[in-house]
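Quick note: residue numbers are just sequence positions, from 1. Note: hydrogens, waters and symmetry copies are ignored here, and every other heavy atom, side chains too, is used.
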Amino acid sequence: MTSIRESAGNSGSARLSESVWAHLLYVTAVAALAAALPPEAYRVIGGGFIGTIGILAIWRYGWGGLHFARALVYRKKVFPHMRRTADALIGRQAPNAYLLITTFRIDSAVTARVYKAAFEAAMAAPGKVTVVASIVEAADQRLVKALFRSLCSNQDKVDLVVVRIAGTGKRDALAYGFRTIARRGPSKDDVVAVIDGDSIIPRDLIHKCAGFFLHDPQIGALTTDEMSEVRGSRIFQEWYALRFAQRHTLMSSMGLSERVLTLTGRMAMFRGSIICNPSFIRQVELDYIDHWRLGRFKFLTGDDKSSWFWLLRNGYKMIYVPDVVVMTVEDPPASNFVSAAAMLMVRWFGNMLRTNSRAVALGPNRIGFFTWWAILDQRMSMWTSLVGVAVAMIATFFISGYAFLLYALWILLSRYVLTLSLLAARPRVSVFYPFLLYFNQIFGSLMKVHITFRLDRQKWTRQKTTSNNRNLKRPLIASSFMSAYMHTLSLAAFLALLAWSVDVLPTPRHLLLFP
């Protein structure tokens, strides 16, 4: 045992040492690049970064800084009081809980870990718990029942209900599970945790989350922090770690407004009366939008966005619990990083954009100005995030070849500062983060713009199912050709506007570099 601990300690020290040296090397390389540029290069931007950032960059970094400050206020000042109140209430009252787990095409080792964690959390809960397993395959059913007999035998606190459905999608699985729970008649203070089949919940999940619903009847749902166990190469591990660190900051900021921007499908907890509401179940099961160009189409993915929108529209609060961590097991859909990122972004950003317009339409008076502006910013940021690289390229061709080198220096410096800011959310940051932050900004924005004109294209990476409109006779305005045409026209107009602004400004110092 001692040798194992010493080995683990040595391994941790080695990783820390490697990380420190990598960061020192990064800083040295950036300093060397800054020193290597001749004085005339800096005169291209009028003598310094401050004079060149411009209104757009101040807006973007100011918005990010506001999220950072709000996140700290929430985690350090506001949430500790909420935690004390919730813990006091759960100590006096023991609501019942339901754990709805959807399982489909997940390997048995992960399924065993997920249900083992769920049964252990159920046993540790303050009240009675019903685990509802929404399952497609018989092998999963046998595995879950065996685990239940092994961990929960000879007791009456935890019950298991298995719901077998056809493999027609997660929305159907959730709807069957919701109706199963509704038939059991949960009270208004009972809670329902909706858990994905690759999410491992902590033992104290119910004890640390159920009390918030007792405190405020307007709290309709909550979600928690997440960390990932990535079964892939190092680049995937760092990418997911970065994504969840950024999520922690954004969720904490939105938690201050008591309306988070998504109720992740990995683990979100709902008030029991909401889960039983027929309109809520219909929203999750059969959600759709009427698009001015693409017509009416159903949502294949994005069940978490459907549940989120229902609560947002009906005036419920949705809070963030930053001191509870759910572990997710991530299997990248492809071995190539860029291909996998593209596949995942199509799903993530498609879900966001399909719900964005109707959420914005609710208006600031109904959902709060900050929440409304954050939702609106999702649509604007995909364009503003491309301004820097586009203007830098235009300036390189028409003003000075140094412009792109200065832009690269700015990116290396600014993204490193953003990386260091993530130390407020995680104890460790990687030297890969500056590059991944920039990749997410540019590649992610390009993907968002692409998806904006193709909202009806949907795909589940695990289920291998897609929405297929190619074989349907569709009007020209909704055709693939028109989607590509409008996409191309929008990008051309965007670049033309930037090129025009470069040409008409009297000096390079007024360029909107480098957001």
Side-chain angles (χ1 to χ4, degrees), residues 82-83 85-103 114-135 144-145 147-149 151-163 173-197 199-224 263 265-278 280-281 284 307 310-311 316-319 321 324 326:
M82 296 171 60
R83 164 56 64 206
T85 304
D87 289 347
L89 290 171
I90 202 68
R92 297 195 298 265
Q93 187 176 345
N96 296 326
Y98 298 82
L99 305 181
L100 172 58
I101 307 173
T102 55
T103 301
V114 168
Y115 281 93
K116 181 177 182 294
F119 289 135
E120 289 176 347
M123 294 291 289
K128 292 187 176 181
V129 179
T130 301
V131 178
V132 180
S134 185
I135 288 173
V144 171
K145 286 186 174 181
L147 285 169
F148 178 76
R149 288 192 297 268
L151 299 171
C152 304
S153 59
N154 302 321
Q155 54 80 42
D156 58 0
K157 180 179 180 178
V158 181
D159 191 17
L160 172 66
V161 177
V162 177
V163 180
L174 290 173
Y176 277 96
F178 292 158
R179 293 188 179 103
T180 299
I181 294 171
R183 286 193 291 269
R184 295 192 163 228
S187 72
K188 63 180 180 65
D189 291 328
D190 290 346
V191 297
V192 180
V194 179
I195 304 166
D196 210 354
S199 301
I200 302 168
I201 61 174
R203 183 180 179 85
D204 58 355
L205 175 75
I206 300 170
H207 189 277
K208 295 192 73 172
C209 292
F212 294 103
F213 296 93
L214 301 174
H215 170 60
D216 187 348
Q218 283 301 111
I219 292 178
L222 61 80
T223 190
T224 68
L263 292 171
R266 295 307 179 87
M267 202 302 295
M269 186 174 286
F270 297 82
R271 188 176 295 277
S273 57
I274 291 174
I275 290 294
C276 300
N277 190 309
F280 175 85
I281 298 174
V284 174
S307 58
W310 190 95
L311 270 78
Y316 283 99
K317 297 177 182 177
M318 294 170 278
I319 65 171
V321 182
V324 175
V326 172

Side-chain contact, heavy-atom cut-off 4.5 Å: Met267 with Leu205?
yes
Using every non-hydrogen atom in the two residues, find where Ala133 and Leu160 come nearest and quote the distance to one decimal.
CB-CD1, 4.4 Å
For the student: nearest non-hydrogen atoms of Ala182 and Cys276, plus distance
CA-SG, 3.5 Å
Residue pair Ile181 / Pro186, side-chain heavy-atom distance below 4.5 Å:
yes
Do the rings of Phe280 and Trp310 sit parallel, tilted or perpendicular, given the 30° and 60° boundaries?
perpendicular
Is Phe212 close to Met269 at the side-chain level, that is, under 4.5 Å between some pair of heavy atoms?
no
At what distance, to the nearest 0.5 angstrom, does CD1 of Ile90 lie from OG1 of Thr85?
13.0 Å
Checking Thr223 against Arg266 for the side chain to side chain contact (heavy atoms under 4.5 Å, CB included) test, could you report, in this order, the C-alpha distance in whole Å, the side-chain angles of both residues, the deciding distance, and whether it holds?
CA-CA 9 Å; Thr223 190; Arg266 295 307 179 87; over 6 Å; no
Which value, rounded to the nearest 0.5 Å, describes the distance between Ile195 atom CD1 and Tyr115 atom OH?
9.0 Å
Could you tell me whether the side chain of Lys157 and the main chain of Ala125 form a donor-acceptor pair under 3.5 Å?
yes
Side chains of Thr224 and Lys208: closer than 4.5 Å at any heavy-atom pair?
no
Rounded to the nearest 0.5 Å, what separation is found between the OH atom of Tyr176 and the OG1 atom of Thr102?
15.0 Å
Does a salt bridge link Arg271 with Asp189, judged by any charged N lying under 4.0 Å from a carboxylate O?
yes
Measuring from atom OG1 of Thr180 to atom CD1 of Ile275, what distance do you get when rounded to the nearest 0.5 angstrom?
12.0 Å
Are Leu151 and Met123 close enough that some pair of their side-chain heavy atoms sits under 4.5 Å apart?
no
Considering the options Ile101, Leu147, Asp196, Val144, which one meets the side chain to side chain contact (heavy atoms under 4.5 Å, CB included) requirement together with Val114?
Ile101
For the residue pair Leu99 and Ala118, what are the closest heavy atoms and their distance?
CD1-O, 3.6 Å
If I compare all heavy atoms of Phe119 with all of Cys152, which pair ends up nearest, and what's the gap?
CB-SG, 3.8 Å
Closest non-hydrogen contact found for Ile206 with Ala121 is CD1-O, 4.0 Å
Beyond-backbone contact of Cys209 with Val324, side-chain heavy atoms, under 4.5 angstrom
yes
Value rounded to 0.5 Å, distance of NZ in Lys116 from CD in Glu120
3.5 Å
Report yes if some heavy atom in the side chain of Leu174 is under 4.5 Å from a heavy atom in the side chain of Ser134; otherwise report no.
no
If you round to the nearest 0.5 Å, how far is NZ of Lys317 from CG of Asp216?
4.0 Å
Electrostatic pair Arg184-Asp159, nearest N-O below 4.0 angstrom:
yes
For Gln155 and Phe148 the tightest heavy-atom approach is NE2-CZ, 4.3 Å
